2 protein chains.
Amino acid sequence: MPDTALQDYLKAVYKLQETAGSEPGPAGEPVSTSALSERLGVSQASVTGMLKKLARKDFVSHEPYRGVRLTEAGRRVAVATIRRHRIVEQFLVEALGFTWDEVDEEAEILEHAVSEKVVNRMWEVLGRPRSDPHGSPIPSSEGVIEPESDARPLTETPVETPVRVTRIRNRSPDELRYLGGLGLELGAELVLEEKAPFDGPLLIRVGGRRHALDPRFAHAVLVE
Amino acid sequence: MPDTALQDYLKAVYKLQETAGSEPGPAGEPVSTSALSERLGVSQASVTGMLKKLARKDFVSHEPYRGVRLTEAGRRVAVATIRRHRIVEQFLVEALGFTWDEVDEEAEILEHAVSEKVVNRMWEVLGRPRSDPHGSPIPSSEGVIEPESDARPLTETPVETPVRVTRIRNRSPDELRYLGGLGLELGAELVLEEKAPFDGPLLIRVGGRRHALDPRFAHAVLVE
DNA sequence: CGGGATATTTAGCCTTGCCTAACTTTTTCT
DNA sequence: AGAAAAAGTTAGGCAAGGCTAAATATCCCG
């Protein structure tokens with residue numbers, strides 16, 4: 001695909017706006033050059049260059065020195081890319097027997113190669129799933145993302161109350177395998193037993209077993 | 001993928017060596033710059049440039065003004081690319097419900113995006129097929145291509161002898177739909193009723209129906 | 001408020017793969 | 001054979017997307 005880079009940048013802007021706790025799009029928080037540089041593994045100068053191009057094509061609005069935000073057109077491209085990514089992931093797991101830790105890497109490439117026709121067929125064959133193997137919602141072909149009920153990071157859940165894992169926002173195969181090893185899979189029941197004062201490890205109980213959980217992981221685990 | 005162009009060139013050299021009736025590889029017929037230019041839809045100058053690069057990397061041997069042939073390394077890359085292409089095509093038809101005329105285009109892109117792991121899983125899920133939707137053999141993962149029994153072009157088959165369609169070497173969706181409309185599908189029985197003297201249309205009978213067949217199509221239909 | 005630290009942009013360069021135009025080699029045809 | 005045609009190569013450019021180094025904005029803190 002010729003616009004692999006373009007899609008990757010827009011997706012990164014989208015996710016960073018989202019991470020900032022804002023609606024990705026013209027109204028959300030702007031995203032800094034350095035954040036994009038880090039996320040994409042590319043020099044800041046390269047980011048600036050690409051942002052100018054994206055701004056010229058009206059996919060982002062760029063105020064020099066103050067970051068970018070997606071335009072409506074940019075948001076559409078980003079969401080379509082995320083849709084392809086998540087459907088491909090789900091397909092790799094459900095139809096081809098991959099494990100959840102292997103699929104992000106593969107999908108990162110396939111999301112740029114798979115046509116709308118192919119991805120829509122995959123989605124049909126899978127029975128029109130609403131989420132991917134990590135519990136992330138699959139946007140509709142019209143670009144709508146169903147809001148996630150009331151899932152919250154494990155770090156913000158009350159102590160001694162049973163909750164269920166609904167989503168795991170983590171892309172590292174190693175870390176996903178580690179979490180899976182603890183029994184932290186989608187749908188797993190768990191109880192938060194002890195929350196460290198500031199940013200220390202959490203103590204959780206999953207399937208009768210107790211584990212200490214690094215807060216960085218815990219933040220990526222959404223429960224309800 | 002970074003080496004999309006490289007794979008496309010090597011695949012084209014492979015197919016052109018093969019078309020010349022020779023074993024693709026160091027021993028086969030050399031392929032001309034202009035043949036590659038036409039097949040790849042790229043200027044002759046561009047072909048020359050790329051051939052120099054491929055020669056530098058030892059994927060082809062290039063005698064200036066006299067064409068190129070694949071080295072053993074080049075053959076391996078070409079065959080692996082063809083394997084991915086054909087497995088993807090078969091998968092699109094068998095697992096995703098595409099029709100045989102739609103899949104070449106899609107596979108042309110996916111062949112560069114799909115990892116060995118993914119393509120091998122597809123092949124397993126399909127039940128280890130030996131050929132693709134057009135009857136073309138799927139190379140093994142070691143790069144071996146089973147020789148096709150004694151399939152011959154329809155143009156070289158004796159008159160009034162029933163034969164069976166084993167392969168259709170044609171990539172144009174329009175033409176494939178046209179052939180399908182005549183009943184010329186894999187496995188179809190047909191009889192060649194009349195062969196024009198030099199290069200005129202053939203008269204064939206398929207499933208009780210008689211059709212005139214342009215010799216260019218007829219050459220692409222292999223039978224046994 | 002001023003200045004150093006940090007973030008961002010600009011300038012200049014590289015590689016890929018493509019292009020056209022001009023030149024050279026090979027082929028073909030009389 | 002010898003010239004015209006065809007095929008192939010070289011030269012010079014362009015757009016994409018990267019990079020580093022240098023210049024400039026912004027931020028933050030004493």
Side-chain angles (χ1 to χ4, degrees), chain A residues 1-14 16-17 19-20 29-70 73-74 77-78 81 108-109 111-113, chain B residues 1-14 16-17 19-20 28-70 74 77-78 81 108-109 111-113:
Chain A
M1 269 288 160
D3 17 47
T4 295
L6 180 144
Q7 291 170 7
D8 281 338
Y9 273 85
L10 295 178
K11 203 175 61 160
V13 175
Y14 184 101
L16 289 167
Q17 282 199 289
T19 300
E29 288 301 308
V31 163
S32 71
T33 300
S34 46
L36 284 164
S37 162
E38 177 165 356
R39 174 144 192 139
L40 294 167
V42 135
S43 75
Q44 296 193 177
S46 300
V47 172
T48 298
M50 186 57 108
L51 290 184
K52 285 170 80 171
K53 185 178 312 183
L54 293 178
R56 193 160 36 73
K57 296 186 179 174
D58 258 311
F59 287 124
V60 299
S61 56
H62 186 200
E63 279 195 78
Y65 294 100
R66 351 211 51 135
V68 285
R69 43 195 111 205
L70 292 175
V77 173
T81 305
E108 206 56 45
I109 293 170
E111 69 186 9
H112 304 297
Chain B
M1 270 287 158
D3 17 48
T4 295
L6 180 145
Q7 292 170 8
D8 281 338
Y9 273 85
L10 295 178
K11 202 175 62 159
V13 174
Y14 185 101
L16 289 167
Q17 282 199 288
T19 300
E29 288 300 308
V31 162
S32 72
T33 300
S34 48
L36 285 164
S37 163
E38 176 164 358
R39 174 143 191 139
L40 294 166
V42 135
S43 76
Q44 295 193 181
S46 300
V47 172
T48 299
M50 185 59 106
L51 291 183
K52 285 170 79 171
K53 184 177 313 181
L54 293 178
R56 191 159 37 74
K57 295 187 180 174
D58 259 310
F59 288 123
V60 299
S61 55
H62 186 198
E63 279 195 78
Y65 294 101
R66 354 213 52 148
V68 286
R69 41 194 114 204
L70 292 176
V77 173
T81 305
E108 206 55 47
I109 293 171
E111 69 186 9
H112 304 298

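The basis for the numbers below is simple: all heavy atoms, side chains too, and nothing from hydrogens, waters or symmetry mates. So that the names make sense, note that chain A is the first sequence line, chain B the second, and so on, each numbered from 1. Fair warning: this is a prediction, and the values are worked out from it, not measured in the lab.
Residue A:Tyr65 has no polar side-chain atom (N or O) positioned under 4.0 Å from OP1 or OP2 of D:dA23. Contact annotation: B:His62 side-chain N/O to D:dG8 OP1/OP2 distance is not under 4.0 Å. Taking side-chain N and O atoms only, A:Tyr9 has a distance below 4.0 Å to OP1 or OP2 of D:dG18. Under 4.0 angstrom from either OP1 or OP2 of D:dC27 there lies at least one side-chain N or O belonging to A:Arg66. Distances shorter than 4.0 Å separate none of the side-chain N or O atoms of A:Ser34 from OP1 or OP2 on C:dT6.
From A:Thr4, atom OG1 reaches atom CD of A:Glu111 across 8.5 Å, with rounding to the nearest 0.5 Å. Distance check: B:His112 NE2 to B:Asp8 CG gives 3.5 Å after rounding to the nearest 0.5 Å. How far CE of B:Met50 is from OG1 of B:Thr48: 12.0 Å, rounded to the nearest 0.5 Å. How far OH of A:Tyr14 is from CG of A:Leu70: 8.5 Å, rounded to the nearest 0.5 Å.
Formation of a donor-acceptor pair under 3.5 Å by the B:Gln17 side chain with backbone atoms of B:Glu29 is found in this model.
Atom CG in A:Asp8 sits roughly 17 Å away from atom P in D:dA16 (whole-Å rounding). In this structure, B:Leu40 atom CG and D:dG8 atom P are separated by 14 Å, rounded to whole Å. One can place CG of B:Asp3 at 13 Å from P of C:dC18, the figure rounded to the nearest angstrom. Taking atom NZ on A:Lys53 and atom C1' on C:dT9, their separation rounds to 16 Å, with Å as the unit. Rounded to an integer number of Å, the gap from B:Leu54 CG to D:dG8 P is 16 Å. The nearest whole Å value for the distance from the CG atom in B:Leu6 to the P atom in C:dG17 is 8 Å. Look at CG on A:Leu36: it is 10 Å from P on C:dT9, rounded to the nearest Å. For the pair B:Lys52 NZ and C:dC18 P, the computed distance is 16 Å after rounding to whole Å.
Residues of residues 43-50 of chain A that place a heavy atom closer than 4.0 Å to DNA chain C, in numerical order, are A:Gln44, A:Ala45, A:Thr48.
Side-chain contact between B:Leu36 and B:Val68 is present, with heavy atoms from C-beta onward closer than 4.5 Å.
Toward the 5′ end of DNA chain D lies the nearest nucleotide of B:Leu51, the other residue of the pair A:Arg56 and B:Leu51 mapping further downstream.
The heavy-atom pair separating A:Val60 from A:Leu51 by the smallest distance is CG2-O, 4.0 Å.
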